[in-house]
Amino acid sequence: MLRDDIAALLTVALRKAQKRGDLPKFSPPAIAVEHPKDPSFGDYTTNVAMQSARLARMAPVKIADAIVQNLAPAAYVGKVDVVPPGFINITLADDWLSQQVAVIRQDGERWGNIDKGGGRKVQVEYVSANPTGPLHFGGARNAVLGDTLANLLAAAGYKVQREYYVNDAGLQIRKFGESLLARYGQALGQEATLPEDGYHGAYLQEWAGEIVRAEGNHYLSMPREEAISVLTAWGIRRTLRDLERDLAALGVHFDRWFSEKSLYEDGTFGEVMNLLRSRGFLHEKDGAVWLTATALGGAKDEVVIRSNGTPGYFASDIAYHYDKFIRRGFDWVIDVWAVDHQGHVPRMKTALQALGVDPKRLTVVLYDMVKLLRNGQEVKLSKRSGDIVTLAEVVAEVGKDAVRFMLLTRGNEATIEFDLDLAVRESSENPVYYVQYAHARIASIFRKAQEDGWTIASDANLSLLVHPAELHLVRHLLMLPEVVDLAVTRLQPHHLTYYARDLAAAFHQFYRDCQVLDRQNEALSQARLQLVAATKQVLAQVLALMGMSAPERM
RNA sequence: GCCCCCAUAGCUCAGCGGAUAGAGCAGCGGACUUCUAAUCCGUCGGUCGCAGGUUCGAGUCCUGCUGGGGGCGCCA
């Protein structure tokens with residue numbers, strides 16, 4: 001990555017300055033290279049001279065001068081300035097910039113990939129909503145965030161596994177099954193009441209009707225427990241089928257759907273309890289089994305197995321993470337959770353310690369809520385009330401690309417206001433289509449080129465690209481690896497949306513200033529065709545990272 | 001009561017301890033006989049919630065306060 005190259009160049013220069021006695025001996029801070037806010041200061045800047053002032057007991061500007069004087073020549077460096085109070089500003093060389101078009105074209109789909117992961121195994125677990133009904137729109141943010149993080153990690157050189165944890169065991173599932181049986185009985189004219197805190201959604205009535213039509217009334221003659229068991233399994237299968245379909249419509253796919261129930265069936269749960277017990281982190285109190293979290297610095301002990309003998313969700317989660325880390329050996333696990341699960345994070349970390357797993361290997365990405373607006377009014381996303389807004393409905397209404405883009409434009413910790421009316425509007429108020437339009441515009445240039453009989457030369461003279469708008473565009477193409485690095489380092493995919501917008505803007509400005517196809521100047525046209533091809537490729541790449549399509553025409 | 005997140009332009013939000021705090025939208029004014037005007041250009045718009053502190057330098061870090069959201073369960 002260019003930024004790293006520059007940091008290395010500066011580091012070498014600083015050492016050389018020390019060796020030659022231009023600078024005193026001191027152990028220099030890590031050199032931070034960034035883009036100055038004001039482009040008139042150049043492409044890259046570092047404050048290392050100011051950082052070193054105290055250590056070197058020298059004026060920052062003097063330090064900067066000494067570093068600059070010992071800078072080895074590099075093709076990409078066009079101009080170096082030392083500016084008070086001690087910034088070193090680097091401007092890229094025009095001729096080097098124009099040649100990068102060929103490099104980007106040559107890298108193709110690999111452009112933007114970085115080797116941060118070094119092939120380490122990372123699992124991203126996301127969505128994981130209870131399989132008790134359709135996914136409501138709040139879950140869309142989880143899906144888009146997790147999926148995009150997985151895309152980014154893959155681009156950053158990690159070996160990524162995408163997983164959905166299916167909570168097909170426990171109390172909620174029990175209530176789900178009881179609710180479905182009650183609806184089934186009602187569908188057959190029986191007096192049946194839903195359990196307390198049961199599932200009241202209308203979809204269960206529909207499903208009960210389906211079961212009656214397909215299989216008649218014979219579940220009524222079955223023992224109740226057996227009927228619940230069969231109907232629960234039916235309901236989960238049905239839910240998962242719909243979930244998979246609805247998530248696919250959003251462009252979200254999983255490598256594995258992991259069953260919570262399987263942890264109990266294959267002995268994992270028992271194994272984990274034995275391990276915890278042998279390590280001395282379980283104790284009994286009030287008839288329940290507790291994790292002795294306080295022994296590991298936790299605020300309070302946590303119930304693992306209730307006094308009625310049933311394991312709680314925390315019990316499953318411990319076993320599940322044991323499976324992730326110890327059995328499957330992921331180097332790093334990322335769980336994507338809504339903020340209302342924040343209290344569970346320290347608990348989970350403590351549980352990992354109890355298992356002997358370094359808690360740093362688990363990162364929980366928390367994201368805030370989505371506020372859905374229609375006609376300027378907030379639509380409540382509660383499961384209780386009848387007006388639940390499902391993911392499928394919103395995707396059908398506004399489209400996959402708009403949903404993904406809008407859910408990605410905010411930092412994870414910011415609440416998102418999702419305006420349904422704005423999302424469907426195809427106007428300048430809607431930021432979604434801006435990036436795609438740039439891609440389509442470029443496609444249009446190539447269509448025109450073909451119509452007009454241009455043959456695209458592979459050996460274009462790129463040094464003809466000297467217009468400020470051309471070089472400005474190249475500069476943006478060059479930033480993709482840095483953006484991937486930033487988004488992965490912070491696990492904040494919203495940086496992609498801002499980059500995509502900036503890149504598209506750089507293209508639209510170029511488009512205004514520079515005619516690509518010009519019979520009066522075919523050599524320049526060929527160079528611009530290469531530039532525009534590189535831009536199309538990078539736009540497609542960033543759209544792909546966001547899980548959006550790159551349309552050829554709009 | 002304790003813990004976490006948020007507070008930046010009219011609105012929605014970016015902002016990596018650096019230089020004159022940015023973008024989109026909205027408002028106002030311009031640009032299509034041209035490779036797509038879903039575009040571009042100009043302009044208006046700020047006590048970065050408040051008060052201290054650390055620092056050569058704070059929207060950014062620390063402390064306190066105010067306001068909003070979330071959490072503190074043998075629910076998930």
Side-chain angles (χ1 to χ4, degrees), chain A residues 32-38 40-41 45-47 50-51 53-54 59-60 83-87 89 128-130 167 170-172 175 197 285-290 299-300 302-317 337-346 366-369 371 406 409-417 419 422 425-438 440-449 451-452 454 486 489-490 494-495 497-498 501-502 504-505 507-518 525 528-529 532 553-554:
Chain A
V33 175
E34 56 186 40
H35 297 279
K37 266 185 258 175
D38 184 341
S40 72
F41 291 129
T45 185
T46 181
N47 61 357
M50 287 174 285
Q51 300 285 357
R54 181 173 293 172
V83 181
F87 293 103
N89 295 335
S128 300
N130 283 346
N167 297 106
L171 201 61
Q172 292 305 311
K175 287 191 169 148
D197 297 324
K285 198 182 103 189
D286 305 330
V289 178
W290 300 67
K300 56 183 177 51
E302 305 287 348
V303 170
V304 179
I305 300 175
R306 303 182 188 102
S307 51
N308 68 8
T310 60
Y313 86 107
F314 184 44
S316 300
D317 258 8
W337 297 350
V339 269
D340 57 345
H341 288 61
Q342 59 178 264
H344 187 45
V345 178
L366 297 173
Y367 63 92
D368 215 288
M369 306 301 184
K371 228 195 214 175
M406 298 192 90
T409 44
R410 304 286 173 259
N412 302 340
E413 283 120 23
T415 309
I416 291 182
E417 274 195 17
D419 188 328
L422 173 61
R425 214 175 298 152
E426 294 189 359
S427 75
S428 61
E429 286 171 74
N430 189 338
V432 173
Y433 302 104
Y434 184 84
V435 180
Q436 293 181 318
Y437 182 61
R441 253 185 161 178
I442 296 173
S444 165
I445 294 173
F446 282 103
R447 277 196 298 275
K448 177 77 174 162
E451 281 168 27
D452 294 355
W454 285 82
L486 177 66
T489 303
R490 301 206 199 161
H494 74 278
H495 292 291
T497 65
Y498 286 86
R501 172 158 255 292
D502 288 346
F507 168 74
H508 288 308
Q509 289 153 20
F510 159 84
Y511 186 89
R512 174 203 62 204
D513 291 340
C514 302
Q515 178 75 20
V516 174
L517 301 172
D518 179 6
S525 293
R528 284 180 172 169
L529 279 166
V532 147
R553 52 178 96 227
M554 288 171 71

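Heavy atoms only: backbone and side chains are in, while hydrogens, waters and symmetry mates are out. Numbers restart at 1 for each chain; the letters A, B, ... are given by sequence-line order, proteins then strands.
Comparing B/rC4 with B/rG45, their C1' atoms sit 34 Å apart, to the nearest whole Å. For B/rC50 and B/rA58, the C1' atoms lie 16 Å apart once the distance is rounded to whole Å. The separation of B/rG17 from B/rG59, taken at their C1' atoms, amounts to 11 Å, rounded to a whole angstrom. Remark: the separation of the P atoms in B/rA26 and B/rU20 is 31 Å, to the nearest Å. For the P atoms, the distance linking B/rC25 with B/rA21 amounts to 22 Å, nearest Å. Taking the C1' atom of each, B/rU60 and B/rG49 are spaced 16 Å apart, rounded to whole Å. To the nearest whole angstrom, the two P atoms, one in B/rC2 and one in B/rC44, are 47 Å apart. B/rG15 sits 38 Å from B/rU34 when the C1' atoms are compared, rounded to a whole Å.
In terms of phosphate contacts, A/Arg54 brings a side-chain nitrogen or oxygen within less than 4.0 Å of OP1 or OP2 of B/rC56. Using a 4.0 Å cut-off, some side-chain N or O of A/His494 falls inside it from OP1 or OP2 of B/rG15. For the OP1/OP2 pair of B/rA38 and a distance below 4.0 Å, the side-chain nitrogens and oxygens of A/Tyr437 include at least one atom meeting the criterion. Distances shown here put every side-chain N or O of A/Arg441 at or beyond 4.0 Å from the OP1 or OP2 atom of B/rA38. A close approach under 4.0 Å does not occur between any side-chain nitrogen or oxygen of A/Arg553 and OP1 or OP2 of B/rA38.
Put simply, CE on A/Met369 is 10 Å from C1' on B/rG71, counting in whole angstrom units. In this structure, A/Trp337 atom CH2 and B/rG71 atom P are separated by 15 Å, rounded to whole Å. Taking atom CG on A/Asp419 and atom P on B/rA26, their separation rounds to 13 Å, with Å as the unit. Put simply, CD on A/Gln342 is 16 Å from P on B/rC2, counting in whole angstrom units. Between the NE2 atom of A/His508 and the P atom of B/rG24 there is a distance of 12 Å, rounded to whole Å. One can place OH of A/Tyr511 at 15 Å from P of B/rC41, the figure rounded to the nearest angstrom. Separating the CZ atom of A/Arg490 from the C1' atom of B/rA14 is a distance of 11 Å, rounded to the nearest angstrom. Note: CG (A/Asp368) to P (B/rA7) measures 11 Å, nearest angstrom.
Across all strands shown, B/rC72 pairs with B/rG1; the Watson-Crick or G-U wobble distances both stay below 3.5 Å. Under the Watson-Crick or G-U wobble criterion, with both distances below 3.5 Å, B/rC40 is paired with B/rG30. Under the Watson-Crick or G-U wobble criterion, with both distances below 3.5 Å, B/rC11 is paired with B/rG24.
Along RNA chain B, the nucleotide nearest A/Asp513 and the nucleotide nearest A/Val339 are compared for position; the residue whose nucleotide lies closer to the 5' end is A/Asp513. Each of A/Tyr498 and A/Arg447 has a nearest nucleotide on RNA chain B; the 5'-most of these lies closest to A/Tyr498.
Across B/rA37, B/rC41, B/rA14, the shortest atom-to-atom separation from the side chain of A/Ala414 is found for B/rA14. When distances run from any side-chain atom of A/Tyr434 to the nucleotides B/rC13, B/rC40, B/rG15, the shortest one goes to B/rC40. Counting only heavy atoms from C-beta on, A/Ile445 has its side chain closest to B/rC35 among B/rC35, B/rC41, B/rC56.
Counting non-hydrogen atoms under 4.0 angstrom, A/Val516 reaches a base of the nucleic acid. Residue A/Arg501 is in sugar-phosphate contact alone, with no base atom involved, counting any heavy-atom pair closer than 4.0 Å across all strands shown. Counting any heavy atom pair closer than 4.0 Å across all strands shown, A/Glu413 reaches sugar-phosphate atoms only and no base atom.
Looking at A/Phe87 and A/Met50, their side chains come closer than 4.5 Å, going by heavy atoms from C-beta outward. Looking only at side-chain heavy atoms (C-beta outward), A/Met406 and A/Ile416 stay at 4.5 Å or farther from each other. Side-chain contact check for A/His344 versus A/Phe314: some heavy-atom pair is nearer than 4.5 Å. By the 4.5 Å heavy-atom criterion applied to side chains, A/Phe507 and A/Val532 are counted as neighbours. Taking the side chain as every heavy atom from C-beta outward, A/Gln172 and A/Asn167 never approach each other to under 4.5 Å. Looking only at side-chain heavy atoms (C-beta outward), A/His494 and A/Arg410 stay at 4.5 Å or farther from each other. Looking at A/Leu517 and A/Leu529, their side chains come closer than 4.5 Å, going by heavy atoms from C-beta outward. With contacts defined as side-chain heavy-atom distances shorter than 4.5 Å, the pair A/Val516/A/Phe510 qualifies.
In this structure, A/Asp286 contributes its side chain and A/Ala288 its backbone to no donor-acceptor pair below 3.5 Å. Under the 3.5 Å distance criterion, the side-chain polar atoms of A/Asp38 are matched with a main-chain donor or acceptor of A/Ser40. The backbone N or O of A/Tyr433 sits nowhere less than 3.5 Å from a side-chain atom of A/Gln436 that would complete a donor-acceptor pair. With A/Arg528 contributing its side chain and A/Gln515 its backbone, the two residues share a donor-acceptor pair below 3.5 Å. A/Thr45 contributes no side-chain N or O that, together with a main-chain N or O of A/His35, makes up a donor-acceptor pair within less than 3.5 Å.
Distance check, rounded to the nearest 0.5 Å: OH of A/Tyr434 to NE2 of A/His508 gives 4.5 Å.
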With the criterion being N/O to N/O and under 3.5 Å, what pairs connect the protein with nucleotides 8-12 of chain B, and how long is each?
unit_1	atom_1	unit_2	atom_2	d
B/rU12	O2'	A/Arg410	NH2	2.6

Show each protein N/O and nucleotides 17-21 of chain B N/O combination with a separation under 3.5 Å, one pair to a line.
unit_1	atom_1	unit_2	atom_2	d
B/rG18	N7	A/Asn47	ND2	2.6
B/rA19	OP2	A/Lys37	NZ	2.9
B/rA19	N6	A/Thr45	OG1	2.8
B/rA19	N6	A/Asn89	OD1	3.0
B/rA19	N1	A/Asn89	OD1	3.4
B/rA19	N1	A/Asn89	ND2	3.1

Output one line per pair: protein atom, nucleotide atom from nucleotides 72-76 of chain B, and distance, for all N/O pairs under 3.5 Å.
unit_1	atom_1	unit_2	atom_2	d
B/rC74	O3'	A/Arg306	NE	3.4
B/rC74	O2	A/Ser307	N	2.8
B/rC74	O2	A/Ser307	OG	3.1
B/rC74	N3	A/Ser307	OG	2.9
B/rC74	N4	A/Asp286	O	3.0
B/rC75	OP2	A/Arg306	NE	2.3
B/rC75	OP2	A/Arg306	NH2	3.1
B/rC75	O2'	A/Gln172	NE2	3.2
B/rA76	OP1	A/Arg306	NH2	2.8
B/rA76	OP2	A/Tyr313	N	3.2
B/rA76	N7	A/Tyr313	OH	3.4
B/rA76	N6	A/Tyr313	OH	3.2
B/rA76	N3	A/His341	NE2	3.3

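Residues A/Ser525 and A/Asp518 have side chains that never bring a donor and an acceptor to within less than 3.5 angstrom of each other.
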